[in-house]
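A note on names: the letters A, B, ... follow the listed sequences, proteins ahead of strands, and every chain is numbered from 1. Nothing here was measured: the structure is a model prediction, and the numbers come from that model.
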Amino acid sequence: MSVIGKNTPRIDGPAKVSGKQQYASDIIIPGMMYAVTLRSPYPHAEILSIDTSEAEAMGAVCLTYEDIIPVIYNERSVSVPAATYRDRTVLPKKARHIGEPIAAVAADTEELAYKAMQALKVEYKVLDAVYEPEEAMKDGAPQLYDKIYFGDEEVIVKNNIGVVRNIDEGDSVGGFARADRIFEEDFELPRIYHCQLETKGCVAAPDTEGGITVWATAQSIHGNRQLLAQTLGLPLSKVNVKKITLGGGFGSSIQVNTVTPICAALAMKARRPVKLLSAREEDFYSHHKYPSKFHVRIGVTNDGVITAAHVKALIDFGAHQIQPMSFMGCVAGWFASLYKYEGNIKFDGVAVYTNKTPCCAMQGYGNPQINFAIESMVDIICNEMGFDPIQFRLKNYRGTGEEFWGQGPTIRSIIKSCGVEESLVEGSKLMEEWATRGKPEDKHGDILTGVGLARGFHCSGTAGPKEGEVIDYSSALVKVNEDGSIDCVTPVMDHGGGTWDALAKILTEVFKVPLNMVGLSPADTKNTGYDVCTHATRGVYCGGAAVYNAAVKCRDKLLEFAGRVMDEHPCHLEIVENEELGQGFIQVKGFPQKGRTIGEVAKIAQINSWGTAMYAESFRQKNCPPCFTTHFVKVAVNTRTGEITIPKVVIYGDCGVAMNPDLLYGQLIGSFNRGLGYVLYENLPHDERTGKLKNNGLLVDYKMPTAVEMPKAENVIVRHAHTYEPTGPFGAKGIGEAALASVQAAIANAIYNATGIRFTKLPITPEIMLKALQEKGLAHK
Amino acid sequence: MSKHDITLNVNGKKYELTVNSNELLLNVLRDKLFLTGSKYGCGIAECGACTILKDDESYFACMVPAVAADGWNITTVEGLADGDKLNPVQQAFIDNSAIQCGFCVPGMVVTSTALLRENPDPDEDFVKDYLRGNFCRCTGYVAMVKSVLDAASKMKEAK
Ligand code: FES
Ligand code: FES
């Protein structure tokens, strides 16, 4: 029985529930040293000198700017070098945000390392700092950088402007001129923190051949290897990064994590294995989601056609570039692909350096941000012009046959599967309160309820028919063992969404074997071809396609052997399922009378010295199909306290064929939970006097939703659309990042429906809600 | 720094150890006994990733000085199963697809085990409230809450 589309227990389930699953932080090597970093107490300071003598006298090994190879890099290597800005080194000469590592020490125990770190003597020249992008762009503002690099070119930084990206398509002037009404609004989304449960860490062990083996929190083992080889000055063949389970990523390990090259350099200097784990407080200062400000203009005709849209974006990306360039391209793409706008769009983006923690991808790479703006605008338009929100969306959305930007303007493909209509129509039936939601002015009482709708999407991978500014391919090796079981070696990572289960299922389907006959082998950068990264919701669609293509070619080889065994031409042979035999059965097409199991054929091939049926492949998809989501959310606003609760949600996901529906639903529900945090609680304000986070990096002062804030289980209604993606492995596309895209706007639109108050700035904390209710005269005492 | 000789009973095994007065139980479990199932997530009693049992009661191992645990009867996540036979909560987490990255899962199943020992017949609100000290960034909790309720009903049936 095929397991595709069926719920099967997670393969790594037993290891994870029994504490046996190993993560990078669990690696222990005999003779291992423990490392600690010294982090900048200043938001902006030149480092004049670091005296390590006292620490060294304590037996510690120290690493400062003097010890590193001053390679200037960008730790996120998924874009092509020619589209990548570079501005940083392993350790800096100048600290540009609080919590930036400026030196590191390793010692026999963690305690000794900590004491040695405290014994480092650093001379700083403290500089003025700047925290807000508007301030940073002013003449005379403190400058974070004089020069940086774009590809190989030197770039002089002016007014802290890191990246400018303008995109203009169609005729937006004409489009706006044709509109009957033009809507205009400002939106603001906060800086928040990934809070993946495993803090960033690394274990590095030098070998006797001058090389190094590394276990790190990583979404891409090859990305880590390439940067480590560069910063250690080693050939790639001397750097081995091991694939290991990641305790949550959400985008924060697409880039090589800051502690990883530090740990590797320390290990090479000490000639001993070193473990370097971030404390939570340090991790809090290491990676944030891009805070974003948008000005949005949309033109609409009286019959409900959007004729043009213009988005201006201002992005504060902090002290280093982890690719705000591609981030802004993506924001433009998500915006451009959500509706048709008659092809008339304009995007003007500016991304600015500030003395704050560097920002990076966090589930959606700008999609949740811009989706909040556009889907709020659509709600405003429908309310003001009296359009039905579902019909308006159906009239204007980009669906099958339309062009979709998978990763900014250079990567586009045509949509071939689309569950938007099903999701909107069926979703509205599942949320019974949708039809009776009424208008804000009809609502009374001290608890106001409302229902909101928003739709979103994300790409599945970043591979258009034409190669663009993002690298996208994966590798896999597949072989049939002599008992009919299957091995697969691939560097593709899984952050918990279930990518590895999906890969195993793809193999079962090609070879018609049960799930327990398939194994994913331990993998590292030495025994696998390149894989760009598990990001951009590409794990199943792109990584899975590499496994699929390697498997099919391996199967062809096996059928060739079978042809020799059975005296048939391989083109007449097929593999069918045989439950009794417990493995794939090769027969002449349609004739089950005579045949051989795949194991028998593999064994005969071995005994006759024909070889092993195996194939290694690196494969690039040629599409980046959108996976779609739709959220209907019911909210209840307490007009006495300002508290907002969610009694019910309907979530529709369209991922093509769902490899494992339960795991799909898990991602959709988990994303809803994170979206809830983004809309209602999370924010990382800085103290303008000190540059510190107001929560000081403490989890206790960073409110996130727990089990209690979720609706009752029976009121979390999750479905998936019945679609089949023709270019995906067995009809599959992605879901991961799409799952978050429309949560924010759906909740905000529901709050509007309940109260008549439109929030264009997040988060909407109880204090903010209460204040708005008071201003509107809706607050109850 | 004073040193102390302590005895820990962990997962049915007795360990005699010498520890510093500032050493934490979590570090002793992970770095000295190689029981790395208990995780570090915050170190300040905010995430529950380090949860262990002392007898039937759950504790954050990141908050317990090792010296204070002298003589304790400890169960870590590694000790919940009976050989390869998972305990009902562990099995329910698999059956209800409550696992994603899995980093919170050791703490979750330990806390949930304590929950069911304290209250074998909980309702949804009780479970949600009990799990409040255990943070999960991946799953959105719904499947975890279902798992605990499922384990409770399976345990009742088995009686
Ligand atoms: S590590 Fe102990 S509660 Fe977080
Ligand atoms: S499964 Fe990842 S934190 Fe819970």
Reported [atom1]-to-[atom2] distance for the pair [X] and [Y], which is rounded to 0.5 angstrom:
X        : Y        : atom1 : atom2 : value
A:Ile669 : B:Gln100 : CD1   : CD    : 9.5 Å
A:Leu698 : B:Glu46  : CG    : CD    : 9.0 Å
B:Thr139 : A:Asn673 : OG1   : CG    : 7.5 Å

- Can you tell me if B:Glu124 uses its side chain to pair, donor with acceptor, with the backbone of A:Ala713 under 3.5 Å? yes
- Task: Please confirm whether the backbone N or O of B:Cys101 pairs with a side-chain atom of A:Lys16, one donor and one acceptor, at under 3.5 Å?
- Result: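 Such a contact is found between A:Lys16 side chain and B:Cys101 backbone.
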- Which of the residues A:Tyr665, A:Phe672, A:Phe250 is involved in the greatest number of heavy-atom pairs with chain B at under 4.5 angstrom?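 Heavy-atom pairs under 4.5 Å are most numerous for A:Phe250.
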- Do you know which of A:Gly666, A:Gly249, A:Ser671, A:Gly677 has the most heavy-atom pairs under 4.5 Å to chain B? A:Gly666
- For atom CG of B:Asp84, is the number of surrounding heavy atoms from other residues, nucleotides or ligands below 6.0 Å larger than 12? no
- Which atoms of A:Glu110 come close to chain B, meaning under 4.5 Å heavy atom to heavy atom: side chain ones, backbone ones, both, or neither?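 Side chain only.
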- Side chain / backbone / both / neither for A:Thr8 at chain B, heavy atoms under 4.5 Å: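 Answer is neither: A:Thr8 stays 4.5 Å or more from chain B.
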Ignoring hydrogens, what is the shortest heavy-atom contact between [X] and [Y]? Give both atom names and the distance.
X        : Y        : answer
A:Tyr23  : B:Gly102 : OH-C, 3.1 Å
A:Asp26  : B:Lys39  : OD2-NZ, 2.5 Å
B:Ile94  : A:Gly13  : CD1-C, 3.7 Å
B:Lys128 : A:Met710 : NZ-O, 2.8 Å
A:Ser18  : B:Leu86  : CB-CD2, 4.5 Å

Heavy-atom distances under 4.5 Å only: say whether [X] touches chain A with side chain, backbone, both or neither.
X        : value
B:Tyr40  : both
B:Ile44  : side chain
B:Asn27  : side chain
B:Tyr141 : side chain

- So does A:Glu682 pair up with B:Arg137, basic N to acidic O under 4.0 Å? yes
- Note on the structure: Paired with B:Cys42, the side-chain contact (heavy atoms from CB on, under 4.5 Å) test is passed by just one of A:Val700, A:Thr199, A:Leu699, A:Asp283, namely A:Leu699
